[in-house]
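Note sheet for the following structure.
To find a chain, count down the sequence lines: A is the first, B the second, and so on, and within it residues start at 1.
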2 protein chains.
Amino acid sequence: MSNTKVLPLIAPESDAVAPCCPPLTERPFTAEEAETAARMFKALGDPVRLRLFSAVASHEGGEACVCDISDVGVSQPTVSHHLKKLKEAGLLTSERRGTWVYYRVEPSVLAAMGRLLTVAPAAT
Amino acid sequence: MSNTKVLPLIAPESDAVAPCCPPLTERPFTAEEAETAARMFKALGDPVRLRLFSAVASHEGGEACVCDISDVGVSQPTVSHHLKKLKEAGLLTSERRGTWVYYRVEPSVLAAMGRLLTVAPAAT
DNA sequence: TGTCTATGTTGACGTTTGTCGAATCAGGTG
DNA sequence: CACCTGATTCGACAAACGTCAACATAGACA
């Protein structure tokens with residue numbers, strides 16, 4: 001199962017995305033909100049991680065085997081290390097299927113981050 | 001007063017935003033693209049910087065004096081240090097007016113980052 | 001069983017980062 | 001001019017980070 005869903009895209013109008021924080025432009029972040037959101041931005045703040053994330057996110061079906069994306073110029077343990085970081089940040093999930101481990105993006109988190117960078121719709 | 005300019009919003013349909021990179025989900029980033037984009041994400045990857053940025057972005061008129069936003073729990077030199085980082089990342093600009101220094105957000109960069117997190121429209 | 005391949009973990013390393021206090025710069029005001 | 005306040009720069013230090021080689025683990029297959 002689950003081959004039917006080609007990428008559980010998020011409904012742009014849905015506010016069911018991770019209720020982490022309001023848009024950055026809406027009001028000053030609290031310390032707590034900043035902590036949460038910064039964790040996600042930080043995870044994408046490294047070139048290697050960004051390439052890995054982009055490789056997974058753009059891969060067919062929204063998921064990719066490590067072997068498909070590990071050609072980013074660093075050693076294999078380093079790739080594993082970065083994928084772990086992305087997982088800890090909630091941006092990726094992983095699943096072992098036989099010999100290979102597949103990573104897929106967490107679409108709701110992507111949407112939540114996008115919302116952070118949204119400019120508030122004309123504040124009155 | 002000054003309600004006339006609500007925030008120099010970006011036209012969501014305009015592709016005139018910083019032509020850094022395509023959406024993360026469109027195709028695997030090249031090393032160069034990742035380097036550029038990671039620099040921006042990294043700038044927002046610190047809680048203190050995120051609070052400072054949010055404070056500026058949400059401030060009336062889209063700009064704020066350092067004195068208005070420097071209450072984030074760290075020393076004043078540290079605030080200055082982080083604001084500098086945000087400036088170097090192209091997220092903020094600063095201008096001295098008399099005694100005070102005002103920071104304002106670079107809306108096009110915000111838009112560019114938002115576009116990165118956009119989900120590609122049904123990749124065939 | 002043993003072996004081979006694909007990933008993850010450990011330990012160590014040099015580098016970068018976040019933080020502060022002290023010193024310095026920039027503009028007002030008396 | 002001297003003095004005060006707001007903001008940046010400097011110098012130092014501990015903590016976090018990115019990286020690798022070596023080792024460990026998980027599953028496939030003979």
Check: Would you say B:R115's side chain and B:L117's backbone share a donor-acceptor pair under 3.5 angstrom?
Finding: no

Check: In residues 90-103 of chain A, which residues come under 4.0 Å of DNA chain C by heavy atom?
Finding: A:T99, A:W100, A:V101, A:Y103

Note to self: Between B:L44 and B:L86, is the side-chain contact (heavy atoms from CB on, under 4.5 Å) condition met? List the steps.
What the structure shows: CA-CA 8 Å; B:L44 295 182; B:L86 287 167; 4.1 Å; yes

Note to self: Rounded at 0.5 Å granularity, tell me how far CG in B:L52 sits from CZ in A:F29.
What the structure shows: 12.5 Å

Notebook entry, point to check: Which of residues 75-89 of chain B sit near DNA chain C, with a heavy atom under 4.0 Å from it?
Noted result: B:S75, B:P77, B:T78, B:H81, B:H82, B:K85

Check: Can you name the nearest heavy-atom pair linking A:A37 to A:L116, along with the distance?
Finding: CB-CD1, 3.8 Å

Margin query: Considering only residues two or more places apart or on different chains, which pairs with a residue in residues 77-86 of chain A satisfy side-chain hydrogen bond (donor to acceptor under 3.5 Å, both in side chains)?
Written below: A:R49-A:H82, A:S75-A:T78

Check: Between A:L50 and B:A34, what is the shortest heavy-atom contact and its length?
Finding: CD2-O, 3.7 Å

Check: Which residues, if any, of residues 29-50 of chain B bring a heavy atom under 4.0 Å of DNA chain C?
Finding: B:K42, B:D46, B:V48, B:R49

Note to self: The criterion is side-chain contact (heavy atoms from CB on, under 4.5 Å); which residues satisfy it with A:T36, sequence neighbours excluded?
What the structure shows: A:C20

Next item on the list: Output all residues satisfying side-chain hydrogen bond (donor to acceptor under 3.5 Å, both in side chains) with B:S94, sequence neighbours left out; order by chain, then residue number.
Entry: B:K87

Check: Taking only residues two or more places apart in sequence or in another chain, which ones pass salt bridge (charged side-chain N to carboxylate O under 4.0 Å, His left out) with B:E95?
Finding: B:R97

Item checked: Interface limits on DNA chain C, where chain A has a heavy atom under 4.0 Å of a nucleotide atom -> C:dA6 to C:dT9

Notebook entry, point to check: Is there a donor-acceptor contact under 3.5 Å from the side chain of B:R51 to the main chain of B:D46?
Noted result: no

Next item on the list: Kindly give the heavy-atom pair with the smallest separation between A:A55 and A:I69, and that separation in Å.
Entry: CB-CG2, 3.5 Å

Check: Got a sec, which residues hit side-chain contact (heavy atoms from CB on, under 4.5 Å) with B:E35, two or more places apart in sequence or on another chain?
Finding: A:P47, B:R39

Checklist line | Gap between atom CG of A:L110 and atom CG of A:L92 - 0.5 Å precision | finding: 10.0 Å

Item checked: Qualifying residues under side-chain contact (heavy atoms from CB on, under 4.5 Å), relative to A:C65, sequence neighbours excluded -> A:C67, A:D68, A:W100, A:Y102

Next item on the list: Return the set of residues passing salt bridge (charged side-chain N to carboxylate O under 4.0 Å, His left out) with A:E33 (not counting sequence neighbours), or none when no residue passes.
Entry: A:R27

Check: Earliest and latest nucleotide of DNA chain D, 5' to 3', sitting under 4.0 Å from a non-hydrogen atom of chain B?
Finding: D:dG6 to D:dT9

